[in-house]
Amino acid sequence: MLDLYGTNLPSRLLLGTAQYPSPAILADAVEASGTSVVTVSLRREMAGGRAGEKFWSLIRSLGVRILPNSAGCHSVKEAVTTAKMARELFGTSWIKLEVIGNQDTLQPDVFGLVEAARILCEDGFSVFPYTTDDLVVAERLLEAGCKVLMPWCAPIGSALGPINIPALRSMRAHFPGVPLIVDAGLGRPSHAATVMELGFDAVLLNTAVARAADPVGMARAFGKAVEAGREAFKSGMLEPREVAVPSTPTFGRAVFS
Amino acid sequence: MRVLVKGAGVAGLTAAFELVIRGAVVTVAETRHSLGGNASWFAGGMLAPWCERESAEQPVLELGRDAADWWDAATPGQVTRAGTLVVAAPRDAGELDRFASRTSGHRRVDEEEIARLEPDLAGRFRRGLLFLGEAHLDPRQTMAALHKKLTAMGVDFHFSADAQDVSGFDRQIDCTGMAAVDDRLRGVRGEMLILRTPDISLSRPVRLLHPRFPLYIVPRTGHRFMVGATMIESQSSDPVTVRSMIELLSAACALHPAFGEAAIIETGASVRPAFPDNLPRVDAHESTIAINGLYRHGFLLSPAMARRAAELVFDHDKPAEPADEAYGKRRSA
């Protein structure tokens, strides 16, 4: 079972809650996906105090664990403030930490990320940092106190899928004992299956489900793909061969004559 | 039949109209001192059920497809039937394909046809979608026209009304939106701007698709343009934020750089009442009927909801409203 900061979770799919056609469809998608964790953003909704409360209470009623995120934060200070607000609002020390460094690519500001992660870990938060596939940054995040890493596989919302598989492989190999969750860039279920086959512990996605023509059907499809990829990883896949090998032995032929 | 309509937003006005044409004696009570200030006042006024279907469910199209005819009949001269033009920057061509695959009632238009439809957009977009069956109106002018017409038809309007005084009516229709007491309702914040520039003219609403900042611009009289609208899960009606305004303005400039020299004559923010499925409802409880949850579709869906409410006032045995029926089907599918 997936163990994140001491919590065992039955599903290896984490789902975002933004951009759905309606909260009712979001609820159906969460159920269909089988997810045990949803992320929710606060930055924009909390302008005006607790004005987003009604939506947040809908999220609470989904009956799954909540991972608040600091999406849309561009500085350490913003991200830290948002995390503290989230802890108060949702009664959880979990925070998906995003510090955005580039408005166009939504690439993480890894320097700010490490700094914010250190501050939050010291303050007792369980930090889930949204990072790149850079190994040195990953080391720094672990040093700062993070016990989980969330590398991107492509820019947020791009639906490109894993664009640098060697980098993902290398990350998996360097941090064998750290839960690694691919966050951002997944477009279709086969992308999720691919990174799960590489041995990643879980995936987090939002746009690919929320903006699908049928979000509920797509949530179910991703749930299955994540399970399939995990099962395949555990079961040991064949390495590609240069030669054809018949799957049925051929009897009654003078093969060696 | 004496009916009290609470609320003079688009739901209240359309309900009053449907009631008075059925012979009811109608009083409209509004706590505000005039027609303005509610969510309807900040609406775009697009009667665009085919475009909305991109993110809305099927009942929005079914309940909204006759809205333009309704407004044309109730407020002659207010509706402009010129369709909707949907465009995207070349970089976001995928967004246009996505939009086309989610909607119906459109046809593809090329650069030449875009130039013919909207000469000021000539050369700016190579591909677009034209939704010819759609229409638009100016919400404020139309509400004023309907108010005037209802007054002439004998409807009694009370502004700055005390909400408590409800005696002497056979029925009441609650059209108070966010002020209604209903736990299922939530507010969805929307922010808008009104720009004025003589340098650009548009004949129809234009939607600019963008992966992050989709926007629409609805032309109004007097060289004015309504630019909208954000959708934020928040009940705050504080003034427009810097970020939202930057997004709306940069999208407007992406549509046409000449918007850079336009005057910002108004900014607004309001909270739209929505149910969890973002579909409207007519609920009947004893002598009170409530119309609510019009979300971002006030002018589009209020005629159908008002008709349904008026039918309930005069005939209790009507089946459940179409929105609930279609919704029930989807939920059990």
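Protein chains get the first letters and strands the later ones, always in sequence-line order, with residue 1 at the start of each.
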So [Y] and [X], do their side chains get closer than 4.5 Å, heavy atoms only?
X: A/Glu53; Y: B/Gln235; answer: no
X: A/Pro23; Y: B/Arg186; answer: yes
X: B/Glu57; Y: A/Ile25; answer: yes

With only heavy atoms counted, which part of A/Ala159 is less than 4.5 Å from chain B, the side chain, the backbone, both or neither?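 Neither part.
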Spacing of [X] atom [atom1] and [Y] atom [atom2] [to the nearest 0.5 Å]:
X: B/Glu233; Y: A/Leu42; atom1: CD; atom2: CG; answer: 12.5 Å
X: B/Arg184; Y: A/Lys54; atom1: CZ; atom2: NZ; answer: 10.5 Å
X: B/Phe275; Y: A/Ser22; atom1: CZ; atom2: OG; answer: 13.0 Å
X: B/Ser55; Y: A/Gln19; atom1: OG; atom2: CD; answer: 11.0 Å
X: A/Leu26; Y: B/Asp277; atom1: CG; atom2: CG; answer: 13.0 Å

Considering residues, nucleotides and ligands other than [X], do more than 12 of their heavy atoms fall under 6.0 Å from its [atom1]?
X: A/Arg188; atom1: CZ; value: no
X: A/Glu197; atom1: CD; value: yes
X: A/Arg65; atom1: CZ; value: yes
X: A/Glu31; atom1: CD; value: no
X: A/Tyr5; atom1: OH; value: yes

Solution key, residues 43-50 of chain B side-chain donor-acceptor pairs under 3.5 Å, sequence neighbours excluded:
none

Region of B/Arg98 in contact with chain A, defined by heavy-atom distances below 4.5 Å: side chain
Just to verify, what does B/Ser237 make a side chain to side chain contact (heavy atoms under 4.5 Å, CB included) with, not counting sequence neighbours?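 B/Ser237: side chain to side chain contact (heavy atoms under 4.5 Å, CB included) contacts with B/Val271.
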